[in-house]
Amino acid sequence: MNPTATSIKLTNCAKTFADGTQALKPLNLTVKAGETIVLLGPSGCGKTTLLRIIAGLEATDQGGEIYFNQQNMTSIAIEKRNIGMVFQSYALFPNMSVAQNIVYGLKIRKLKPQAIKQRLDEMLEMMQIEALAHRRIDQLSGGQRQRVALARAIAVRPNLLLLDEPLTALDASLRDRLRSEISELLQKLGITSIYVTHDQSEAMALADRIVVMDEGRIVQIGSPYDIYHRPKNEFVANFVGNVNQHPHVFNTDYLTLFRPEDAEIVEPSKGEFEAKIMSVLFLGDKSRLTLDCGFKKPIYVDTTLRQDFKTGMTISIYVEPERLIRLKTTDNSSAAVKES
Amino acid sequence: MSPHYPRLFLLILPAAIVFTAFFIIPMTRLIFIGGTGENGWTAYHAIFTNSRYLYSMIATLILSFSVTIISVIISTIVGLFLVRNQFYGRDILISMLTFPLAFPGVVIGFLVILSAGRQGLIGYISKALTGDKWVFAYSIAGLFMGYVYFSIPRVILTVMAAGEKLEPSLEEAAKSLGASPWQVVKDIIIPALKPGLIASSAICFATSMGAFGTAFTLATNIDVLPMTIYTEFTLNANIAGAASLSIVLGLVTWLALYIARSLSGTSVAPAG
């Protein structure tokens, strides 16, 4: 871990916009030094607003406080917070070259030319963009732009790295590659990072802890494993992956769910319920079956069995009890049921 | 020869006729008329040798330069403010700011007289405050005031168009890297507005160089070049002199636009 890493504490932070809409309900959040936190949620859930409050681009409502380490930063302007920020739109300065973009923050900090040169070379090498140093921004591809943006944000050795949907504007294959590069980079630097995304696979891959948000609230905080396997409510369960409702009611106080990959296709004698195959999506490494078991909602099952499933077949399904997700139905705070 | 040439020729013909009839022929005649006076072609030299002409050229250049600089500074600040702030009455204010675009020069001159003339508001106030009556409507200061007044709307409209295209995340990125508000303006906003500012400066300069109506109304103590041309043409019947001055005025303005154009890399058209 980076010894200079900064911890973050938010207490009672809320945001009400001028038109009266409350984008963020009062919330508390602690980020450990060196930790990577992913704020995950659908658009409009308040995740970007929260990031902007931490950055200092938005002020929290009266009563909210922000601490970097033990220092109260609530009324400190963004330019004094020593953060690095990466935007979905890259936000590279079009009037400057790649190298000029990267050293901009260092020039502002009045580093000596020698130190600036050294840091620039270090950043170009780290992001593997040495060949681009003298290019204009409009000569770069999306992936190259985002590398430059990362280099620019990291070059200033920030206390905190904030990334606002940095991969959303890229195409799928590039997104996967850059995602693993960012993951390695964050681990190597040990910098405290807060990453905003609506993409659950990005959140899973990058986060030490995921903060799931909905309608301006934090719904659940936990490790990717916890969030996926022990979701707190149906909203979280649906948002971080597909989930089916078990046709059997084991206990009326609980909703019983299971993930498509946790269902086993078994011999009729060992099955918990039978279902008819409505459609088969063969993906090579697995098949996704859409099943009808007399429920209003279809059930999805992923299987790696080497069997040529056909529409119309009837199969038996079994889910191991420890793989079931049980949610209390009496919990009123759980979000509205969403179609999976 | 490409088979497309005859068709291209037909397409270009209307433009060529208009250009020849209303530009090349009159301009060529004007150039020659400039050389038909009693001094012959040396008339073109008169801008340097005739002290009245030279003085009027220098005054016009200084006036146009200072009007351009002041108009651009004022309009940039106002334009950015209008783009970034929503307030009650904003739309009415914007349409009022563009009001002077509809006025002929003589009306602008009249407005300057109303505020800085002998019976003007400024004189009235200054008399009450200092005991001195400030009257500058008929001097270069009055012309300056009038020119700035009609230049501002053109520049504001350009700045607002460019300002609306400014990406907010660029400024946010600069701030996150530690840039102070002034550094954000210097490093991000001004460079982004630069093409628009150069284009509108050029238009502003060309308009000021050629403005006549306002000068005609106000210029009793000072001669700007369009006024000199008018005087030579109508009062002194010095047609050759008027023609040569016109060509010189056109060349100087064209040169300024050409420089602006090569600086900004985008096309700049003279107006007014």
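Proteins come first, then strands; the chains are lettered A, B, ... in the order of their sequence lines, and each starts at number 1. All heavy atoms count here, side chains included; hydrogens, waters and symmetry mates do not. Note that this is a predicted model, so its numbers are computed, not measured.
Under a cut-off of 6.0 angstrom, the local environment of CZ in B:F144 is crowded, with over 12 non-hydrogen atoms contributed by other residues, nucleotides or ligands. Around CZ of A:R177, the count of heavy atoms belonging to other residues, nucleotides or ligands within 6.0 Å does not exceed 12. Dense packing is recorded around CD of A:Q139, with more than 12 heavy atoms of other residues, nucleotides or ligands lying under 6.0 Å away. At most 12 heavy atoms of other shown residues, nucleotides or ligands fall within 6.0 angstrom of atom CZ in B:F22. In A:E122, the CD atom is crowded: over 12 heavy atoms of neighbouring residues, nucleotides or ligands sit closer than 6.0 Å. Atom CG of B:L10 is surrounded by more than 12 heavy atoms from other residues, nucleotides or ligands within 6.0 Å. Other residues, nucleotides and ligands contribute over 12 non-hydrogen atoms within 6.0 Å of the CG atom of B:L54. More than 12 non-hydrogen atoms from other residues, nucleotides or ligands lie less than 6.0 angstrom from CZ of A:F17.
Within the 4.5 angstrom heavy-atom criterion, only side-chain atoms of B:I188, from C-beta onward, approach chain A. With a 4.5 angstrom heavy-atom cutoff, A:L92 touches chain B only via backbone atoms. Contacts between A:Y104 and chain B at a heavy-atom distance below 4.5 Å involve the side chain alone, from C-beta outward. For A:R109, the part sitting under 4.5 Å from any heavy atom of chain B is the side chain, from C-beta outward, and nothing else. In this structure, chain A has no heavy atom under 4.5 Å from any part of B:A192.
Under the 4.5 Å side-chain criterion, counting only non-hydrogen atoms from C-beta, A:I78 is not in contact with B:E172.
Across all their heavy atoms, B:D187 and A:N95 have their closest contact at O-ND2, 3.1 Å. When all heavy atoms are compared, the tightest approach of A:M85 to B:S176 is CB-OG, 3.7 Å. Across all non-hydrogen atoms, the minimal contact from B:P181 to A:E79 is CD-OE2, 3.6 Å.
Listed options B:P168, B:P191, B:A173 were ranked by heavy-atom pairs under 4.5 angstrom with chain A; first place goes to B:A173. Between chain B and the options A:R81, A:K80, A:R152, heavy-atom pairs under 4.5 Å are most frequent for A:R152. Between chain B and the residues A:A55, A:A91, A:G105, the largest count of heavy-atom pairs under 4.5 Å involves A:A91.
Each of A:N82, A:N101, A:I108, A:V156 was checked for a side-chain contact (heavy atoms from CB on, under 4.5 Å) with B:L177, and the lone residue meeting it is A:V156.
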